[in-house]
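Below, chains carry the letters A, B, ... as their sequence lines are ordered, and counting in each starts from 1. Just the heavy atoms: all of them, side chains too, but no hydrogens, waters or symmetry mates, feed the values below.
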Amino acid sequence: MANDKSFLERLGDLDRRWVFIIIGLSVFIPLLVPLGLEVVTTPTTVDVFNAIDSLPAGTRVLISFEYGPSTQPEVEPMGVALLHHLFRKDCRVIATALWPDGQFMSARLFELFEAEYDLEWGVDYVNLGFRPGAEAVIKGIAKEFRANYRTDLRGNLVEDLPIMDGIYKVADVDFIFTLSAGYPGTVEWILYAADPYNIPMSSGVTAIQVNEVIPYVDAGQCYGILAGMSGAAEYETLVKKGDATKFMDAQSIAHFLIVLFIILGNISYIVGRRRQRSA
Amino acid sequence: MFWKTQIPVAIVFVVGMLTLVQWFIPHRPFDQLQVHMTQWFDIIAVFAVILGGLNLLKLQFSKIINRKKDWQYAIVTLVGFAVMFSYGFFRIGVPGEIVMGDHLQAENSHFRWMFFNIFTPLSATMFALLAFFVASASYRAFRIRNTEATLLLVAGMILMLGRVPLGALLTKNLPSFMQLQNIQEWIYLWPNVAGARAIMIGIGLGMVATSLRFILGIEKSFLGGDE
Amino acid sequence: MSKDVWTIVSIVIVAALSALSVAAISWGIDNHEIGFGFWIGSLLTMGIMSYLYADNPFYKFTEHLFVGVSASYWIATYYWTQIDTNLLGRLFPEKTSFLGMTIDFSRHGHEQNLWYLIPLVLGLFMLARLIPSIGWISRWSLSFVVGLYAGLRSYGYLQSNVMQQAKETFRPIIIPGDFWAGFNHLVLVVGVVSALLYFFFSKEHKGMFGTISRVGIFFLMVSFGAAFGFAVMGRISLLIGRFDFLIRASTAENGYPSIVVTVLMVAILSILAMKNKGKGEDEDELFEP
């Protein structure tokens with residue numbers, strides 16, 4: 001029976017390991033031999049850039065790190081570009097995390113920036129680290145920041161830190177930015193902080209989370225959005241600093257191939273269906 | 001019955017109502033209750049994680065004792081658990097005067113080393129594997145069986161091509177409304193938002209209804225079957 | 001290989017990994033992904049990647065290691081960031097002696113609050129799940145969690161996900177001088193309303209109602225399509241991240257770890273595959289220990 005099938009039909013039965021090899025190579029080769037394709041920015045990314053760019057010097061921005069190693073390639077480039085953008089404008093950064101991995105991610109990022117911008121812990125930035133409890137943490141700090149975050153990641157009392165002067169509840173920060181890869185993340189910050197207390201907010205999320213967040217962006221509850229690695233690359237283009245752009249060649253080729261796979265798979269399916277009907 | 005069902009239902013009602021009320025009356029004593037009750041929640045969440053860890057140990061030990069399939073690997077799990085646990089809770093590999101607790105992040109602490117060199121590659125690769133399976137599924141499973149499926153696939157393909165530089169390059173000589181990045185942007189910002197918003201409103205209404213059912217004691221599924 | 005050999009091999013590898021991690025730090029190698037980190041990272045990365053060929057001992061080893069290490073990692077981070085700081089910090093805010101031990105949580109700067117005995121007790125009740133005869137008491141802790149979630153979400157979702165979204169759906173559809181902006185607003189309102197009607201199952205989807213709900217399905221499908229496109233993008237990004245790591249790892253100064261590990265692993269898997277050819281019932285699991 002199998003021999004009766006045409007070449008196109010047999011194409012649909014291709015062993016999945018061949019698909020794996022082709023996808024693997026389509027990502028691997030452009031990383032070794034970059035094509036240098038030009039990144040085109042989209043309006044939602046430009047909105048994020050404008051929101052950050054309009055912050056005056058000295059603005060205190062709360063960045064929440066809700067991602068881990070599994071989503072680092074997508075979200076970390078956004079964090080890098082964002083911190084460049086903020087520190088260049090002399091904004092101050094308060095970091096929190098609702099994911100345990102988030103505090104490791106943020107700690108390492110800040111180490112990279114400390115020397116370049118001559119940052120002082122507790123003055124220019126502070127890393128408050130992770131607290132378990134998801135939205136309950138946000139709801140708690142919405143009322144009393146220092147009940148849950150009594151100390152920072154290095155064990156200093158929060159009340160001794162100049163950057164935390166006058167910050168008693170989450171509404172006392174000037175801007176919230178979430179680097180989010182799922183639950184808890186951007187959605188919870190909108191629901192329990194930005195929306196009820198009218199705090200301006202923006203976000204960078206993994207591609208998979210975009211559809212969950214895009215209605216908030218459209219409704220103005222979140223200023224723009226950095227959507228996955230392509231969003232990161234676009235933001236980098238605007239900030240003129242970062243690493244994700246070099247990955248967009250691999251992303252392009254892989255997307256192109258997957259579209260090709262879908263088309264080939266469907267041609268094979270249609271040919272097979274026609275043959276069955278005529279039989 | 002009283003201890004196993006009525007008390008839990010009463011706890012849900014009281015805690016749920018107190019939490020709900022403070023949205024509308026954000027003043028003392030409700031706001032203070034909110035501050036502390038959310039932290040009680042956070043603390044209980046930690047015990048839930050500890051429970052998960054202990055359950056894992058229980059399962060792995062029983063796997064080894066009963067010589068179940070792949071029991072040898074349960075030893076790997078246990079040793080991995082023990083090594084990370086000792087770096088997390090004992091003063092092993094904690095440099096200098098660093099206080100326990102701050103050691104998680106301290107430079108040159110073994111715990112941090114394990115995070116970046118063992119946990120990171122394992123976790124990152126586990127999720128990266130999905131790229132291969134999503135590609136394989138695209139090839140073997142997505143078929144244009146009807147109008148709905150066709151719409152789904154076409155929207156997906158336009159978005160995939162339109163959001164990467166190659167898509168923009170392929171159509172850059174066409175009129176603006178035919179360029180892939182513009183088509184995808186329109187789909188993304190209008191029909192897509194419409195669908196996503198309908199889902200969001202639907203889930204939102206469902207969430208509100210379910211939450212109220214829990215608070216009012218109509219929904220008791222969280223108690224499990226054995227009442 | 002016999003089962004006992006596998007047991008020994010597993011233990012030796014984990015012991016070696018932990019010894020390596022101790023050694024790496026003792027020798028002053030920093031925490032970033034260099035040196036030993038690259039070797040171990042390459043080994044673990046390729047161990048998991050090997051699953052693409054078939055389920056095999058390398059994958060099983062790395063998968064089980066992941067589970068064990070993650071569980072402890074979670075327990076430790078959760079404990080130190082909440083129990084130590086905010087629970088014990090409030091129960092014992094001053095240096096005290098207890099059963100000959102010195103307890104000191106004063107560094108967290110809290111005042112004593114014995115109300116925090118409640119979450120401690122509820123937390124311990126949660127652990128009672130491990131003992132079947134008293135497991136029912138964990139329902140009390142669960143009730144607290146469910147109650148708080150319900151109270152938070154009922155308002156949060158209503159306000160931000162229902163009211164606000166509904167409000168932002170209805171915008172002017174005739175905008176003088178900007179036909180397309182009005183048209184886009186029309187698309188939005190038609191899409192949201194028709195898709196919501198599709199979710200309305202109390203009435204049979206027939207006639208006019210059926211037509212509108214069918215339009216709703218189309219909008220939902222476009223949305224699912226976009227979600228699919230984004231899902232692909234996300235997964236490919238993660239793969240890019242891993243390959244980037246392997247490329248960064250394959251430098252001469254580190255001794256080409258990713259290349260060496262890949263070659264060795266492919267060789268071992270090939271030998272095992274040839275040895276087991278025709279033996280396995282399931283093609284995807286060739287290498288039974």
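The contact between Ile199(B) and chain C is made by backbone and side chain atoms together, counting heavy-atom distances below 4.5 Å. Looking at Leu124(C), both its backbone and its side chain come within 4.5 Å of chain B, counting heavy atoms on both sides. For Ile50(B), the parts lying under 4.5 angstrom from a heavy atom of chain C are both the backbone and the side chain. Contacts between Tyr73(C) and chain B at a heavy-atom distance below 4.5 Å involve backbone atoms as well as side-chain atoms. Within the 4.5 angstrom heavy-atom criterion, no atom of Phe125(C) approaches chain B.
Annotation: side chain of Ser70(C) is not in contact with side chain of Met84(B) (no heavy-atom distance under 4.5 Å). Contact annotation: the side chain of Ser154(C) approaches that of Leu20(B) to within less than 4.5 Å [non-hydrogen atoms, C-beta and beyond]. Inter-residue side-chain proximity for Glu63(C) and Asp70(B) is flagged as unmet; no heavy-atom pair is nearer than 4.5 Å. Taking 4.5 Å as the limit, some side-chain heavy atom of Met160(B) sits within range of a side-chain heavy atom of Phe228(C). With contacts defined as side-chain heavy-atom distances shorter than 4.5 Å, the pair Trp186(B)/Val187(C) qualifies.
Within a 6.0 Å sphere centred on OH of Tyr198(C), heavy atoms belonging to other residues, nucleotides or ligands number 12 at most.
Rounded to the nearest 0.5 Å, atoms CD1 (Ile118(C)) and NE2 (His36(B)) are 11.5 Å apart. The CG atom of Asn117(B) sits 14.5 Å away from atom CH2 of Trp39(C), with the distance rounded to the nearest 0.5 Å.
Under the side-chain contact (heavy atoms from CB on, under 4.5 Å) rule, Ser143(C) has a single partner from Val15(B), Val14(B), Val12(B), which is Val12(B).
The side chain to side chain donor-acceptor pair (under 3.5 Å) pairs that include a residue from residues 6-24 of chain B number zero, where partners must be two or more places apart or lie in different chains.
Taking the six-membered ring where the residue is Trp, the centroids of Tyr149(C) and Phe214(B) are separated by 6.0 Å or more. No close placement of the Tyr78(C) and Phe47(B) rings is indicated, their centers lying 6.0 Å or farther apart.
Aromatic ring orientation, Trp115(C) versus Trp40(B): parallel (interplanar angle below 30°, classes split at 30° and 60°). Note on ring orientation: taking the six-membered ring where Trp is involved, the planes of Phe66(C) and Phe119(B) are tilted (angle from 30° to 60°).
Asp102(B) and Trp80(C) share no donor-acceptor pair across their side chains, judged by distance under 3.5 Å alone.
By the salt bridge (Lys or Arg N to Asp or Glu O under 4.0 Å) test, Arg90(C) is found to be paired with no residue, residues two or more places apart in sequence or in another chain being considered.
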